[in-house]
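Here's the structure we're looking at; comments come further down.
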Amino acid sequence: MQQPSAGVLPHTRTRAVHWISTAAALGAVVGGGMLVQPAGASPSGPDTAIGAQSGGETAATTAPDPEEAEYPFDCAGVPVLVVDHAPADLDGDGRPETVALVRCDAPGGNPPNGVYLLSAGTGAHAAPRVAEAFVEPEEGLVVDGLEVTDREVSATLRGYSDDSVPRCCPDQERRVSWRWKDGSFLKYAAPPPGAV
């Protein structure tokens with residue numbers, strides 16, 4: 001049996017197991033610190049987030065209310081009607097957005113639709129702002145079947161082949177989707193009906 005050298009107590013000698021344990025504990029602390037982010041931080045970074053805000057704004061915890069937003073619609077004195085909406089965090093930054101399907105609240109016909117992405121406004125009581133327009137009313141389209149998932153918005157767009165087609169009865173349709181990728185939305189369209 002080996003005797004301890006003079007002045008060194010047997011329980012204070014360093015062994016390989018002590019160094020391995022110390023390294024593992026230090027690795028756990030550093031690794032845990034990398035996983036914990038400050039409030040408002042996002043993995044996609046502030047420049048690629050939909051609702052990126054400056055000035056240290058607190059991240060919104062609830063999706064924007066589509067009834068409180070101002071839409072780029074000219075309804076000639078008729079109110080804007082929110083037909084459908086869905087909350088989602090499309091860019092994965094931890095701040096929920098709202099996708100809203102809106103149109104003028106006209107008494108008859110098929111008024112053109114708009115599909116907008118809303119992000120939280122800046123300030124404590126600011127109205128939601130339009131961050132992205134997927135469909136504008138100027139396109140003259142009617143939107144059906146709006147669906148929102150983690151990173152994708154999809155809908156069926158109905159339109160008219162020419163001005164002689166009655167506004168009650170769109171004669172063209174196509175399923176489209178918008179996917180968040182690399183800091184922007186990319187539009188994907190299904191082949192038109194009858195295409196091979």
Side-chain angles (χ1 to χ4, degrees), residues 44 48-52 60-93 95-122 125-196:
S44 56
T48 59
I50 293 168
T61 56
T62 59
D65 184 348
E67 300 289 346
E68 295 179 4
E70 292 283 331
Y71 298 97
F73 251 72
D74 180 13
C75 287
V78 178
V80 173
L81 175 68
V82 177
V83 178
D84 197 5
H85 70 280
D89 181 11
L90 293 169
D91 59 358
D93 69 347
R95 294 179 289 220
E97 295 88 34
T98 297
V99 177
L101 168 59
V102 298
R103 66 173 175 84
C104 295
D105 195 6
N110 279 328
N113 295 170
V115 179
Y116 298 100
L117 178 70
L118 306 175
S119 65
T122 56
H125 302 289
R129 66 180 185 85
V130 172
E132 185 85 22
F134 297 122
V135 177
E136 295 273 25
E138 294 80 23
E139 297 174 69
L141 299 171
V142 176
V143 180
D144 288 324
L146 180 68
E147 294 179 12
V148 180
T149 58
D150 269 352
R151 298 291 172 99
E152 183 173 291
V153 177
S154 58
T156 299
L157 305 182
R158 302 186 196 284
Y160 309 91
S161 56
D162 61 47
D163 290 339
S164 66
V165 176
R167 298 298 100 172
C168 68
C169 311
D171 63 341
Q172 295 183 327
E173 75 174 47
R174 197 168 212 185
R175 189 75 181 167
V176 298
S177 62
W178 298 267
R179 294 182 199 138
W180 180 257
K181 186 174 181 182
D182 299 328
S184 64
F185 283 99
L186 301 178
K187 183 178 179 180
Y188 299 87
V196 178

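Just the heavy atoms: all of them, side chains too, but no hydrogens, waters or symmetry mates, feed the values below. This one's a predicted model, so the numbers in the text were calculated from it and none came from an experiment.
How far OG of S184 is from CD of E132: 8.0 Å, rounded to the nearest 0.5 Å. Rounded to the nearest 0.5 angstrom, L141 CG and T156 OG1 are separated by 11.5 Å. With rounding to the nearest 0.5 Å, the separation of CG in L101 from NE2 in H85 is 11.0 Å. Put simply, CG on D84 and CG on D144 are 10.5 Å apart, with the number rounded to the nearest 0.5 Å. The distance from atom NZ of K181 to atom OH of Y188, rounded to the nearest 0.5 Å, is 5.0 Å. Remark: E138 CD to F73 CZ distance equals 8.0 Å, nearest 0.5 Å.
Contact of the Y160 side chain with the V142 side chain is registered, since non-hydrogen atoms from C-beta on lie closer than 4.5 Å. With a 4.5 Å cut-off on side-chain heavy atoms, R179 and R151 do not count as touching. Between V153 and L146, the closest side-chain pair of non-hydrogen atoms falls below 4.5 Å.
Counting heavy atoms of neighbouring residues, nucleotides and ligands inside a 6.0 Å radius, atom CD of E70 does not exceed 12 of them. More than 12 heavy atoms of other residues, nucleotides or ligands shown are found within 6.0 angstrom of CG on D171.
Of the possible donor and acceptor atoms, one in the side chain of T98 sits under 3.5 Å from a partner among the backbone N and O of P64. Checking side-chain atoms of D91 against main-chain N and O of D89 turns up no donor-acceptor pair under 3.5 Å.
Here the closest heavy-atom approach between residue G121 and residue A126 is recorded as C-CB, 3.9 Å. Residue A131 comes nearest to S119 through the heavy atom pair CB-OG, 3.8 Å, listed as atom of the first residue, atom of the second, then distance. Shortest non-hydrogen contact noted between G145 and R175 is O-NH1, 3.1 Å. For the residue pair P170 and R158, the shortest heavy atom distance occurs at CB-CB, 3.7 Å. Listed here is the closest heavy atom pair of K187 and V176: CE-CG1, 4.2 Å. The two atoms that bring A190 and R174 nearest to each other are O-NE, 2.7 Å, heavy atoms only.
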### Task
Could you go through the side-chain contact (heavy atoms from CB on, under 4.5 Å) check for L157 and V135 one step at a time?
CA-CA 9 Å; L157 305 182; V135 177; 3.9 Å; yes

#### Entry: Working for side-chain contact (heavy atoms from CB on, under 4.5 Å), residues V130 and L118
CA-CA 5 Å; V130 172; L118 306 175; 3.9 Å; yes

### Message
Does V115 form a side-chain contact (heavy atoms from CB on, under 4.5 Å) with V99? I'd like the steps, not just the answer.
### Response
CA-CA 7 Å; V115 179; V99 177; 3.9 Å; yes

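Between F185 and F134, the ring-plane angle classifies as perpendicular under the 30° and 60° cut-offs.
With sequence neighbours excluded, the residues that form a ring-ring contact (aromatic ring centres under 6.0 Å, His included) with Y71 are Y116.
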